Amino acid sequence: MKLKLIIVALLGLGLSFSAHAHRFWILPAATVLSGEDPWVTFDAAVSNDVFFFNHFPLRPDNITATAPDGSNVELQNPHVGKHRSVFDLQLTQEGTYRIGGASEGLVATWTNEDGERRRWPGRGETANPEDFDTAVPKKADDLKVVYGTRRNETYVTAGAPTETVFTPSNSGLELQPISHPNDLYNGETARFRFLFEGEPAAGTKVTVVPDGIRYRDAQDDFSVEADADGIIAIDWPGAGRYWLEAEYGDDQATPPATMRQGSYVLTLEVLPQ
C-alpha cells in the first residue's frame with residue numbers, strides 16, 4: 001500500500017502512540033460473509049471510546065480497499081457525517097479484502113532560546129519534507145526528530161479466507177498473520193507477527209480493548225509484547241469485536257531522523273465456538 005501523508009500531525013514526538021486520547025478505527029458490520037452478492041457496511045471514526053462515535057470522522061477518501069487479487073476496490077455510497085464516516089464495499093471476489101489507510105512523515109520538537117517548546121510541522125499541519133532544513137534548527141535543546149508511520153486497518157472475507165493481501169510492503173509497522181484475522185474463535189489462541197520495515201519487530205507493544213467499554217466501569221484492556229521474532233499470542237476473553245493497537249520504536253532511523261516509530265491499529269472480530 002502506498003503511504004499517504006494524511007495524519008502526520010498526529011505522530012507525537014517522544015510519546016507512546018497510545019498516549020493520544022483519541023482512537024482511530026474502521027469497523028465492519030461483519031468480517032466473514034457468504035452468499036452470491038455479499039456487501040459490507042463500514043463505520044470509520046476517531047473517538048475517545050472504542051467503537052463509539054463521539055469525536056470526528058475518518059474521511060473515506062483517505063481509505064483504500066484491496067481485493068484478494070491485489071486490485072483496488074471502489075468504496076460505495078461514501079458519506080461523511082459529524083462524528084463518523086460510512087461506506088459500503090461489494091465483495092465481488094471470494095477471499096480476504098484489506099481496508100485501511102496509512103501515513104508517514106517526519107516530526108521534530110525542540111526548546112528554543114526562550115525556553116519555549118517548538119514543533120514542526122505545527123499541530124494540524126501537514127509536513128513538507130522540503131521545508132525541514134529551514135524550519136528545524138540543526139542545534140537546539142531537546143531536539144528530537146522522529147520518522148513516524150501509522151496504519152489503520154481491518155479485514156473482511158467472502159467465502160474462504162485467503163492470504164494474498166498480507167504480502168508486506170516493507171514500509172512501517174505491518175501485520176503478518178499466523179492466525180488469519182478472519183478466522184478467530186473464542187477459546188483459541190491467536191498469533192500474529194509484526195514487521196517494521198520488513199524485519200521482525202521484536203518488543204512491539206500491543207494493547208487490546210474489547211468492544212463495549214461505554215457500558216462497563218473498566219476498559220478491560222490487556223497488553224502483550226512481541227518476542228524476538230515479532231510474534232504475539234492472544235487468548236481472547238470472549239467472543240466479540242476488539243480494537244488492537246501495536247507500537248514499535250527504535251533508534252535505527254535514517255538522518256535527519258534519530259528515532260523510528262510505528263503504530264498499527266486493527267479491528268478484529270472473534271466468533272463463538
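These numbers come from a predicted model, not from an experiment. The figures that follow rest on heavy atoms only: side chains count, while hydrogens, waters and symmetry mates do not.
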Notebook entry, point to check: Within the distance-only criterion (no hydrogens, no angle test), does the side chain of Thr96 pair as donor or acceptor with the backbone N or O of Glu163 below 3.5 angstrom?
Noted result: no
Notebook entry, point to check: Does Glu225 pair with Lys205 as a salt bridge, N-O distance under 4.0 Å?
Noted result: yes
Notebook entry, point to check: Which residues satisfy the ring-ring contact (aromatic ring centres under 6.0 Å, His included) test with Phe132, sequence neighbours excluded?
Noted result: Trp120
Check: Is the backbone of Ala135 close enough, under 3.5 Å, to the side chain of Asp131 for a donor and an acceptor to pair up by distance?
Finding: no
Check: Looking only at heavy atoms, which two atoms of Tyr147 and Ala257 are closest? And how far apart?
Finding: N-CB, 3.8 Å
Notebook entry, point to check: Below 4.0 angstrom, N of the basic side chain to O of the carboxylate: do Glu245 and Arg23 qualify?
Noted result: no
Next item on the list: Return yes if some donor-acceptor pair links the side-chain N/O of Arg84 with the main-chain N/O of Val80 below 3.5 Å, else return no.
Entry: no
Notebook entry, point to check: Do Asp69 and Gln93 touch side chain to side chain, with heavy atoms closer than 4.5 Å?
Noted result: yes
Check: Partners of Tyr264 by ring-ring contact (aromatic ring centres under 6.0 Å, His included), sequence neighbours excluded?
Finding: Phe194
Margin query: Checking side-chain polar atoms at under 3.5 Å, does Arg151 have a donor or acceptor matched by the opposite partner on Ser169?
Written below: yes
Checklist line | Option from Arg118, Lys144, Arg119 for which side-chain contact (heavy atoms from CB on, under 4.5 Å) with Trp110 holds | finding: Arg118
Next item on the list: Specify whether Tyr155 and Phe166 have parallel, tilted or perpendicular ring planes, treating 30° as the upper limit for parallel and 60° as the lower limit for perpendicular.
Entry: tilted
Margin query: Using only atom types and a distance under 3.5 Å, with no angle test, would you say the side chain of Asp229 pairs donor to acceptor with the backbone of Ile231?
Written below: no
Next item on the list: Identify the two heavy atoms, one from Ala201 and one from Ala226, that lie closest to each other, and give their separation to 0.1 Å.
Entry: O-CB, 3.7 Å
Checklist line | Residue list, ring-ring contact (aromatic ring centres under 6.0 Å, His included) with His55, at least two apart or on another chain | finding: His22
Note to self: Are Asp88 and Val40 packed together at the side-chain level, in the sense that at least one heavy-atom pair is separated by less than 4.5 angstrom?
What the structure shows: no
Next item on the list: Taking Thr31 for its side chain and Asn182 for its backbone only, find out whether a donor-acceptor pair lies under 3.5 Å.
Entry: no
Margin query: So, using side-chain hydrogen bond (donor to acceptor under 3.5 Å, both in side chains) as the criterion, who are the partners of Asp235 when residues are at least two apart?
Written below: Thr189
Checklist line | Closest heavy-atom pair and its distance - Ala246, Leu173 | finding: O-CD2, 3.6 Å
Check: Do the side chain of Arg59 and the main chain of Asp61 share a donor and acceptor less than 3.5 angstrom apart?
Finding: no
Notebook entry, point to check: Where the side chain of Glu269 meets the backbone of Ala30, is there a donor-acceptor pair that is under 3.5 Å apart?
Noted result: no
Note to self: As an exercise, state the distance from OG1 of Thr167 to CD of Glu174, rounded to the nearest 0.5 Å.
What the structure shows: 10.0 Å
Note to self: Side chains of Phe192 and Gln176, heavy atoms from C-beta outward: is any pair under 4.5 Å?
What the structure shows: no
Check: Does the Glu197 side chain pair with the main chain of Gly172, one donor and one acceptor, at a distance under 3.5 Å?
Finding: yes
Note to self: Are Tyr242 and Pro237 packed together at the side-chain level, in the sense that at least one heavy-atom pair is separated by less than 4.5 angstrom?
What the structure shows: yes
Check: Where do Val270 and Gly238 come nearest, in terms of heavy atoms and distance?
Finding: CG1-O, 4.0 Å
Checklist line | Side-chain donor-acceptor pair present, Gln273, Asn186, cut-off under 3.5 Å | finding: no
Notebook entry, point to check: Checking Arg98 side chain against Val165 main chain: does a donor-acceptor pair fall under 3.5 Å?
Noted result: yes
Next item on the list: Taking atom CD of Glu113 as the centre, report whether more than 12 heavy atoms of other residues, nucleotides or ligands fall under 6.0 Å from it.
Entry: no
Margin query: Quick check: do Pro181 and Leu175 have side-chain heavy atoms less than 4.5 Å from each other?
Written below: yes
Checklist line | Atom of Leu195, atom of Pro168 and distance for their closest heavy-atom approach | finding: CD1-CG, 3.8 Å
Notebook entry, point to check: Heavy-atom distance under 4.5 Å between the side chains of Phe24 and Arg150, does that happen here?
Noted result: yes
Check: Would a distance-only check, ignoring hydrogens and angles, find a side-chain to backbone donor-acceptor pair under 3.5 Å from Asp49 to Phe52?
Finding: no
Margin query: Nearest 0.5 angstrom please: Asn48 CG to Asn54 CG, how far?
Written below: 4.5 Å
Check: Do the non-hydrogen side-chain atoms of Leu75 and Ile63 ever get within less than 4.5 Å of each other?
Finding: yes
Notebook entry, point to check: Are any non-hydrogen side-chain atoms of Thr109 and Asp142 less than 4.5 angstrom apart?
Noted result: no
Notebook entry, point to check: With clusters built from Ile, Leu, Val, Met, Phe, Trp and Tyr whose side-chain heavy atoms come within less than 4.5 Å, directly or transitively, what are the remaining members of the cluster of Trp243, listed by chain and number?
Noted result: Trp25, Leu27, Val50, Phe51, Phe53, Val209, Ile213, Val265
Next item on the list: Give every residue pair that meets the ring-ring contact (aromatic ring centres under 6.0 Å, His included) criterion with at least one member in residues 69-88, sequence neighbours excluded.
Entry: Phe42-Phe87
